[in-house]
Participant: 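Take a look at this one; I'll ask things after.
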Amino acid sequence: MKSRKQDKRTGARVGVLHTPHGDIMTPTYMPVGTQATVKGITPASLKDAKTQILLANTYHLYMRPGDELVKKAGGLHKFMAWDRPILTDSGGFQVFSLAKLNKIKDEGVYFNSHVDGSLHFIDPEKAMDIENNLGADIIMAFDQCTAYGVDYKGSKAAMERTLKWLDRCYTHHKNPMQALFPIVQGNVYKDLRIESLKATIPYAKYGIGIGGLSVGEPKNIMYEVMDEMLPYYPTAVPRYLMGVGSPDCLIEGVRRGIDMFDCVLATRVGRNGTALTSHGKVVVRNGVYKEDFTPLDDECDCYACKNYTKAYLRHTINVGEMIGGMMISLHNVTYLNKLMSEIRTAIMEDRITEYAEEFYLKTGGTYK
RNA sequence: GCGGGUGUAGCUCAGUUGGUUAGAGCGCGAGAUUGUGGUCCUUGAGGUCGUGGGUUCGAUUCCCAUCUCCCGCC
């Protein structure tokens, strides 16, 4: 990664990340395409939305259609018709989010498929094999994520196991065309975070993931943990805050030195009728928009905003027509990409702090 | 015309052997959603229990009349 600018007052910075499928301007937001598709948005529209990189999910693609099949198809890029960079999650988060189905041991994780209940086993080596088959530009190490509320002892054990697994991932991963990002854990315990970060840095050749945040803890606690880690990050590689976030979290993350984010929020709330706009959150489903014949966001030039009114989008959402969810998802992704673009410009012009203030003023506290 | 049935929330229906603020599903309103197990979840509003009488301490419930709709018969 090449640095373009480091803000003097905050951790915010602008850089360029090189990958086999093109450069990425950071800070950046990655839409989530769990099952080799960003739900409801075509690759062409993702490009219109100025998407630079997508995230796809190892666990889900391993289950269906299977990583061998994706490899046979010519790799994930070809399979899903996306020729820009892709990052794959390792499946570690699913171990956490599907916890009822699994048994975590030092050697790896035994779990039952959420699809058909069949027994599976994934360990660091297997996760690397799957990610190698999928063929993303950036791959994540197999980690153990803990929930908010897990005690110190449990969080320490998971953090230490993540480090052991990291070493195995690092040793096993051989493809030089795929950049392996290690993941920092440690829950909300500051000393665990610092310990994890320091021990992870030797493996952070291309980038570093910050995992285990935004898992239910209050935002101020997440921010405090990030403040704590900021002085210790390596400067030459991108820092990726996993699973974040909402517009306000993106800004706060950038101010705390984060370069990459991914989040399902934009598409999940989008297909359920909530828009993220430059004037704040708009719950299109709500009755007040029944006869609102204006676009979602008057500052947006996405296809949805150029062609449809809130009244129409509300109607289609309410009757369950796909176009509503598709359009609001497209808008949301467009908005987050635009937000990141504005953030990069603000950093370059030494006014990220002012930009953040304007953002909160303009969105009226609807993001919180 | 006769016989039987029916009428409870916007819709489809429960219910009460007569007893405090009458329920469900759907719909409607609102909230929620952060490395996605394709809306799950939380919550709110809304009813003269067809109408008018009667019996009773008390009727949505029992009785009478009347109206509505459905079925059958002539």
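Each chain gets a letter, A, B and so on, in the order its sequence line appears, and its residues count up from 1. Small disclaimer: the values here were computed from a predicted structure and weren't measured.
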Participant: Can you see if the side chain of A/Gln35 gets near the phosphate of B/G38 - specifically, an N or O under 4.0 Å from OP1 or OP2?
Facilitator: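 Looking at the OP1 and OP2 atoms of B/G38, one of them is under 4.0 Å from a side-chain N or O of A/Gln35.
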
Participant: Please confirm whether any donor atom in the side chain of A/Lys281 sits under 3.5 Å from an acceptor in the base of B/U33, or the reverse.
Facilitator: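 Answer no: no donor N or O sits under 3.5 Å from an acceptor.
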
Participant: Hey, which of A/Thr363, A/Asp297, A/Asp298 is the one that makes side chain to side chain donor-acceptor pair (under 3.5 Å) with A/Ser278?
Facilitator: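 Running side chain to side chain donor-acceptor pair (under 3.5 Å) over A/Thr363, A/Asp297, A/Asp298 with A/Ser278 returns exactly one hit, A/Asp297.
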
Participant: Roughly how many Å is it from OH in A/Tyr367 to P in B/G31, rounded to a whole number?
Facilitator: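 The distance from OH of A/Tyr367 to P of B/G31 comes to 14 Å, rounded to the nearest Å.
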
Participant: Considering residues, nucleotides and ligands other than A/Lys174, do more than 12 of their heavy atoms fall under 6.0 Å from its NZ?
Facilitator: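 Above 12, so yes.
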
Participant: Contact class for A/Asp89 (heavy atom, under 4.0 Å): base, sugar-phosphate, or nothing?
Facilitator: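 Base contact.
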
Participant: Ignoring backbone atoms, test whether A/His60 places a side-chain nitrogen or oxygen under 4.0 Å from the OP1 or OP2 oxygen of B/G37.
Facilitator: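 The answer is yes; a side-chain N or O of A/His60 sits under 4.0 Å from OP1 or OP2.
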
Participant: What's the OH-P distance between A/Tyr289 and B/G29, to the nearest Å?
Facilitator: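 Answer to the nearest Å: 13 Å.
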
Participant: For B/G31, does either OP1 or OP2 sit under 4.0 Å from a side-chain N or O belonging to A/Asn286?
Facilitator: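 Yes, because at least one side-chain N or O of A/Asn286 sits under 4.0 Å from OP1 or OP2 of B/G31.
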
Participant: Please pick, from B/A30, B/U36, B/G35, the nucleotide with the shortest atom-to-atom distance to any side-chain atom of A/Arg285.
Facilitator: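 Between B/A30, B/U36, B/G35, the one nearest the side chain of A/Arg285 would be B/A30.
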
Participant: May I ask you to verify if any side-chain N or O of A/Arg271 is less than 4.0 angstrom from the OP1 or OP2 atom of B/U39?
Facilitator: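 Looking at the OP1 and OP2 atoms of B/U39, neither is under 4.0 Å from any side-chain N or O of A/Arg271.
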
Participant: For A/Gln185, which contact category applies under a 4.0 Å heavy-atom criterion: base, sugar-phosphate, or nothing?
Facilitator: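 Base, at least one base atom sits under 4.0 Å.
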
Participant: Identify whether any heavy atom of A/Gly212 sits under 4.0 Å from a base atom; if not, whether one sits that close to sugar-phosphate; answer base, sugar-phosphate or nothing.
Facilitator: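 The residue A/Gly212 makes base contact.
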
Participant: If you count heavy atoms of other groups shown closer than 6.0 angstrom to NZ of A/Lys47, is the number above 12?
Facilitator: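 Enclosed.
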
Participant: Would you indicate what A/Gly287 reaches in the nucleic acid, counting non-hydrogen atoms under 4.0 angstrom: base, sugar-phosphate, or nothing?
Facilitator: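 Sugar-phosphate: the residue A/Gly287, judged by heavy atoms under 4.0 Å, touches backbone atoms but no base.
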
Participant: Which part of the nucleic acid, if any, lies within contact of A/Ile183, taking any heavy atom under 4.0 Å across all strands shown: a base, the sugar-phosphate backbone alone, or nothing?
Facilitator: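 A/Ile183: base contact, heavy atoms under 4.0 Å.
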
Participant: Take the angle between the ring planes of A/His120 and A/Tyr62 and call it parallel below 30°, perpendicular above 60°, tilted in between.
Facilitator: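 If you compare the ring of A/His120 with that of A/Tyr62, the planes turn out perpendicular.
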
